[in-house]
Amino acid sequence: MKLTARDFQLVQGQKKTECAMGSLSHRAKAVGMPVSTLKTRIRKLVDSGIERERAIEIALSKPIGPQGRPRKPTHF
């Protein structure tokens with residue numbers, strides 16, 4: 001599909017949406033954590049009986065662990 005001059009102006013004028021202050025996506029971005037990871041952690045904590053606000057604080061305070069399979073040691 002070829003963009004005409006009018007279509008190009010519409011595409012260029014669009015702004016990126018900002019996260020609302022206090023939302024889960026804003027908090028996750030501030031800590032550098034994926035939103036899906038934060039939601040999973042919150043869901044597990046809430047299911048274990050912790051109230052939601054406290055669960056959010058706990059989930060944000062935990063660091064993100066290493067991902068993937070561990071490397072083989074190079075020396076013994």
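Everything numeric in this text was worked out from a predicted model, so none of it was measured.
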Would you name the heavy atoms of S23 and A20 that are closest together and state the gap between them?
OG-O, 2.8 Å
Between V46 and A55, which heavy-atom pair has the shortest distance, and what is it?
CG2-CB, 4.0 Å
T40 side-chain N/O to S36 backbone N/O, donor-acceptor pair under 3.5 Å
yes
In terms of hydrophobic clusters joined by side-chain contacts under 4.5 Å, are L60 and V35 together?
no
Heavy-atom nearest pair, I42 first then A59, reads CG1-CB, 4.1 Å
If you measure from OG on S48 to CZ on R43, what distance do you get to the nearest 0.5 Å?
13.0 Å
Path from L45 to L24 over hydrophobic side-chain contacts below 4.5 Å:
no
Which distance, rounded to the nearest 0.5 Å, do you find between the CE of M21 and the CZ of R27?
10.0 Å
Shared hydrophobic cluster for I64 and I56 (ILVMFWY, side-chain gaps under 4.5 Å):
yes
Kindly determine whether E51 and R54 satisfy salt bridge (Lys or Arg N to Asp or Glu O under 4.0 Å), including the steps that lead there.
CA-CA 6 Å; E51 60 186 60; R54 180 71 181 131; over 6 Å; no
